[in-house]
There are 2 protein chains.
Amino acid sequence: MGTTQLETVPEPKYWHLKTVLSEALDSEFAVGEILPNERELAARFGVARATLRQALEQLELEGRLQRRRGVGTTVAPPRVGLDIVPAPQSWPGGPGDAWQTEGYERLAPPAAVAGLLAAADGATVHAVRRTRYTQGQPVATEVLYVPAGSVPGVPADAPQEAPALPDGAAAARVLRELHRLDLEGQDRAVELGSARAEDARLLDRLPGAPVLVVTTRYFSGGRTAAVAVSTYRADTCRLTFGAHDVLPVAG
Amino acid sequence: MGTTQLETVPEPKYWHLKTVLSEALDSEFAVGEILPNERELAARFGVARATLRQALEQLELEGRLQRRRGVGTTVAPPRVGLDIVPAPQSWPGGPGDAWQTEGYERLAPPAAVAGLLAAADGATVHAVRRTRYTQGQPVATEVLYVPAGSVPGVPADAPQEAPALPDGAAAARVLRELHRLDLEGQDRAVELGSARAEDARLLDRLPGAPVLVVTTRYFSGGRTAAVAVSTYRADTCRLTFGAHDVLPVAG
DNA sequence: TAGTGGTCTAGACCACGCC
DNA sequence: GCGTGGTCTAGACCACTAT
């Protein structure tokens, strides 16, 4: 029963370090506090800096630490819970939507999205870029892909001489036209990804930072009328589905 | 407009490597194929092994590669989509449930779970361990925490002399008693974590491997009647919510 | 300019799976 | 035993932030 046996298989140093640091964070540090720098910590624990960094990386992945180049390593606040389902069935940009429109483009969607939209190769779609903020900090970016066929009311690829609409207006128009459609259902998938350069910049992270990618399909008229790909910071966010809000998250 | 400018800021080598490898995976390798070993690849690209490994780590995180000590690095199949919501509202172990019961224990829940259950410090709960398999492979492990008060029909902490039920029977009994309760609602949260030693072993991964942690709260009688903490392999899994199954995932 | 975390190197040895 | 990926070291230099 008692698991107090001696280590039969020695655990890696970085794993042990992580445990020790984790306990220290619980007992000796306050949220926002700056830890000693990496060289100092490595020396204090008698390990190489690379080994220490392996432990810090894990803790950052778990949302316990935040590291910023040129500044230092700080103790992270608990992850924020972000509701992914504002209303049972609703188009993006509807009531209760936490997103802010930030850009518009017309482009050929990435292959994975093209597959979901059953779009022809090379066909372009409306792409609305949005960002989600919490407490003034950007926590997620999103690209909403809408095939031209879903929103015939929006000027399509105008012949080059007619520059259609300014971007802000085009984005608003796409969302407005979407809301006219009958939303028959939607679909979500969550997976782990790493931030592409642009997303990383918007989220104030380095490229490759771990992110939770939420792919939402919106169905209307028997087809996929739109696809949203949302990229959440994995270190600081907890995604909630149908939060019931009975109890505060303690412990 | 055109973003074809020269690199003003050179990207890190490992980032570039990752891109190159990613493209090679798309075009030159089949799923399951074994890549050249790390020393060979590092030499081929003219970088240190550690740098190459940084690139491989990213690709593994994204589910593109699978690395196994003593074996090699293989090209991973696309992630499997696992439905998290078998039925709109249902207790664990109900119809359509993909989990297999594997163990039972009576224990004091971890602090975070105790908070969700509003359990007194030191109070023990029923803990049912379950595993989810797909194509014969374990993809997730779960611990279902049920306070004794939620299932009065299950023998509680018997005085030491009466060893209550064998584990398998106890687990089944907990689930059966749960199903008698009126399920008033449920709640889910998804976040990134790293596999604890035991979960890692069950999932055939190394400790610290990235996992998606799904926390489900089950409400009954105005309180949280049970909490399930499910740990999915982040490298191989895509979690789906209310899959609509209109289109195959192409591209 | 000083100090931080981020990248990179060239080694070494270890734990594991397979033959 | 041999080859694989996993861990670890002791350095170096770079990019960024704050002062």
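Throughout, a chain's letter reflects where its sequence line sits, starting with A, and its residues are numbered from 1.
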query: Could A/Glu102 and A/Arg130 be called an ion pair, given the rule that one side-chain N must be under 4.0 Å from one carboxylate O?
result: no
task: Answer yes or no: is there an ion pair linking A/Arg129 with A/Glu105, defined by an N-O contact shorter than 4.0 Å?
output: no
query: Atom CG of A/Leu52 and atom C1' of D/dA10: how far apart are they, to the nearest Å?
result: 14 Å
query: How close or far is atom C1' of C/dC18 from atom CD1 of B/Ile34, stated in whole angstroms?
result: 11 Å
message: Whether B/Glu142 and B/Arg132 form a salt bridge (side-chain N of Lys/Arg under 4.0 Å from carboxylate O of Asp/Glu) is what I want to check.
response: no
- line: In numerical order, the residues of residues 195-212 of chain B whose heavy atoms come under 4.0 Å of DNA chain D are B/Leu206
message: I need the CG-C1' distance between A/Leu35 and C/dT4, as an integer number of Å.
response: 13 Å
message: Taking 4.0 Å as the cut-off, does a side-chain nitrogen or oxygen of B/Arg53 come that near to OP1 or OP2 on D/dG6?
response: yes
- line: Regarding the side chain of B/Val47, the nearest nucleotide among C/dG5, C/dT9, D/dA10 is C/dT9
task: Could you check how far CG of B/Asp235 sits from P of D/dG5, rounded to whole Å?
output: 16 Å
- request: Find the distance A/Lys18:NZ to D/dG6:P and express it as a whole number of Å.
  value: 17 Å
message: What is the distance, to the nearest angstrom, from the CG atom on A/Leu56 to the C1' atom on C/dG5?
response: 10 Å
query: Is the shortest side-chain N/O distance from A/Asn37 to OP1 or OP2 of C/dT4 below 4.0 Å?
result: yes
message: Which residues in residues 57-77 of chain A have a heavy atom closer than 4.0 Å to any atom of DNA chain D?
response: A/Arg69, A/Gly70, A/Val71
field: CZ/B/Arg68: more than 12 non-hydrogen atoms of other groups inside 6.0 Å
entry: no
field: Donor-acceptor pair, side chain of A/Arg79 and main chain of A/Asp235, under 3.5 angstrom
entry: yes
query: Does a sphere of radius 6.0 Å around CG in B/Asn37 hold more than 12 heavy atoms from other residues, nucleotides or ligands, not counting ones at 6.0 Å or beyond?
result: yes
message: What is the separation between atom CD on A/Glu38 and atom P on C/dG3, rounded to the nearest whole Å?
response: 16 Å
- prompt: With no hydrogens and no angle check, do the side chains of B/Tyr104 and B/His126 hold a donor and an acceptor under 3.5 Å apart?
  reply: yes
query: When you check the phosphate oxygens OP1 and OP2 of D/dT7, does a side-chain N or O of A/Tyr14 lie under 4.0 Å from one of them?
result: yes
message: I'd like to check the salt bridge (charged side-chain N to carboxylate O under 4.0 Å, His left out) partners of B/Glu40; sequence neighbours left out, ordered by chain and number.
response: B/Arg44
statement: With the side chain defined as heavy atoms from C-beta on, A/Thr51 is closest, among C/dT9, D/dT4, D/dC8, to D/dC8
query: Hey, which of these two, A/Trp15 or A/Arg39, hits DNA chain D nearer its 5' end, going by closest nucleotide?
result: A/Trp15
SB check A/Arg64 A/Asp26 (cutoff 4.0 Å): yes
- line: Whole-Å distance, A/Phe45 CZ to D/dT9 C1', equals 18 Å
